[in-house]
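Here the structure is laid out as structure tokens; the discussion comes afterwards.
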Amino acid sequence: MTIEVGSQAPDFQLKDNHGRTVRLSEFRGEKNVVLVFYPFAFTGVCTGELCALRDELPRFENEGTQLLALSNDSIHTLRVFAEQEGLEYPLLSDFWPHGETSRAYGVFDEDKGCAVRGTFVIDKEGVVRWNVVNGLPDARDLNDYVKALEAL
């Protein structure tokens, strides 16, 4: 079951594509968080979505907002993917325990073994204020993220 708007966002501790530990709770009281789950690095729709975020990065990563993208790939895969695509924001690995954070947010597809396309806008107090969950083949609209952030 997907985490609902108005719920406290589940905290997590994951490694990013550089091996650094990132905790959601580190941003509480400091920044809103746009948390973007995606199935796999190097796939067509995922690459398109993450590059679109890269191209609009100041809208999603700035003084008041932190962008975090999360997949079930290993940190090594994410490092190569980020370098190849010029992604400057953190790519988090939910590789092991496999899908634990994706499951906590209700976006893990057990049959496919990966996260579906879920996005959560989390306010500075750690509360989910907006979300959207799409199936594997369906890209999300970045303008929806912008509207959700503007509403905070």
Side-chain angles (χ1 to χ4, degrees), residues 1-18 20-73 75 77-79 81-94 99 101-109 112 114-152:
M1 182 127 188
T2 304
I3 294 296
E4 295 181 14
V5 171
S7 300
Q8 191 71 29
D11 198 14
F12 56 78
Q13 177 177 314
L14 297 169
K15 297 283 187 186
D16 73 5
N17 49 305
H18 298 290
R20 296 178 293 228
T21 299
V22 175
R23 291 176 187 83
L24 179 63
S25 57
E26 291 174 350
F27 302 103
R28 288 216 178 109
E30 303 291 324
K31 290 187 174 195
N32 300 308
V33 174
V34 177
L35 181 60
V36 178
F37 290 86
Y38 63 99
F40 294 111
F42 299 106
T43 59
V45 176
C46 295
T47 300
E49 285 188 315
L50 296 178
C51 288
L53 287 166
R54 174 200 66 204
D55 296 345
E56 297 291 330
L57 194 57
R59 299 174 97 179
F60 302 106
E61 192 168 281
N62 52 54
E63 185 176 299
T65 305
Q66 177 65 51
L67 172 63
L68 300 173
L70 191 153
S71 78
N72 305 114
D73 295 301
I75 62 171
T77 299
L78 295 177
R79 183 176 306 122
F81 182 54
E83 289 171 3
Q84 178 178 307
E85 299 300 334
L87 305 176
E88 299 291 328
Y89 51 89
L91 302 183
L92 306 181
S93 173
D94 192 19
T101 300
S102 304
R103 283 183 180 91
Y105 280 80
V107 295
F108 190 78
D109 183 322
K112 303 276 192 242
C114 66
V116 295
R117 298 181 195 288
T119 303
F120 300 85
V121 173
I122 302 163
D123 71 13
K124 292 178 182 177
E125 304 310 314
V127 176
V128 175
R129 294 297 175 193
W130 180 87
N131 68 15
V132 65
V133 178
N134 289 2
L136 294 177
D138 303 321
R140 295 159 281 194
D141 185 345
L142 296 187
N143 292 318
D144 292 341
Y145 306 1
V146 173
K147 289 176 191 171
L149 285 168
E150 289 172 350
L152 294 180

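Just the heavy atoms: all of them, side chains too, but no hydrogens, waters or symmetry mates, feed the values below.
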OG1-CG distance between Thr21 and Leu92, expressed to the nearest 0.5 angstrom: 10.5 Å
Interatomic spacing from CZ in Phe60 to OH in Tyr89 - rounded to 0.5 Å: 10.0 Å
State which residues pass salt bridge (Lys or Arg N to Asp or Glu O under 4.0 Å) with Glu125; sequence neighbours excluded, sorted by chain then number. none
If I compare all heavy atoms of Ala69 with all of Leu50, which pair ends up nearest, and what's the gap? CB-CD2, 4.0 Å
Answer yes or no: is there a side-chain heavy-atom contact under 4.5 Å between Pro90 and Glu61? yes
Find the distance between CZ (Phe12) and CG (Leu70) and round it off to the nearest 0.5 Å. 6.0 Å
Taking every heavy atom of Pro58 against every heavy atom of Asn62, the minimum-distance pair comes out as O-ND2, 2.9 Å
Atom pairs and distances, donor-acceptor, side-chain atoms in residues 32-46, under 3.5 Å, two or more places apart:
from: Asn32; atom 1: OD1; to: Lys124; atom 2: N; distance (Å): 3.1
from: Thr43; atom 1: OG1; to: Phe40; atom 2: O; distance (Å): 2.8

Exercise: identify the closest heavy-atom pair between Val107 and Gly118: CG1-CA, 4.2 Å
Spatial distance of atom OG1 (Thr65) from atom OH (Tyr145) [nearest 0.5 Å]: 14.0 Å
Sidechain-backbone polar pair: Asp109 side chain, Cys114 backbone, donor-acceptor under 3.5 Å: no
Contacts satisfying salt bridge (Lys or Arg N to Asp or Glu O under 4.0 Å) that involve residues 141-152 (not counting sequence neighbours) are none
Under the salt bridge (Lys or Arg N to Asp or Glu O under 4.0 Å) rule, what pairs show up with a residue in residues 41-56, not counting sequence neighbours? Glu49-Arg117, Glu49-Arg140, Glu56-Arg59
Under a 3.5 Å distance rule, please check whether Arg23 uses its side chain to pair with a backbone N or O of Gln13 as donor and acceptor. no
Closest contact, heavy atoms only, Gly106 versus Thr2: O-OG1, 3.5 Å
Pairwise side-chain contact, Leu149 with Leu152, heavy-atom cut-off 4.5 Å (strictly under): yes
Separation between CG of Asp16 and CD1 of Ile75, rounded to the nearest 0.5 Å: 8.0 Å
Pairwise distance CG(Asp11) to CZ(Arg28) - rounded to 0.5 angstrom: 5.0 Å
Applied to residues 128-137, the salt bridge (Lys or Arg N to Asp or Glu O under 4.0 Å) test, sequence neighbours excluded, yields Asp123-Arg129
Testing the basics here: between Phe120 and Ile3, what is the closest heavy-atom pair and its distance to 0.1 Å? CE2-O, 3.8 Å
What heavy-atom pair brings Leu136 and Ala115 nearest, and what distance separates the two atoms? CD2-O, 3.7 Å
How would you list, by chain and number, every residue that makes a side-chain hydrogen bond (donor to acceptor under 3.5 Å, both in side chains) with Ser7, sequence neighbours excluded? none
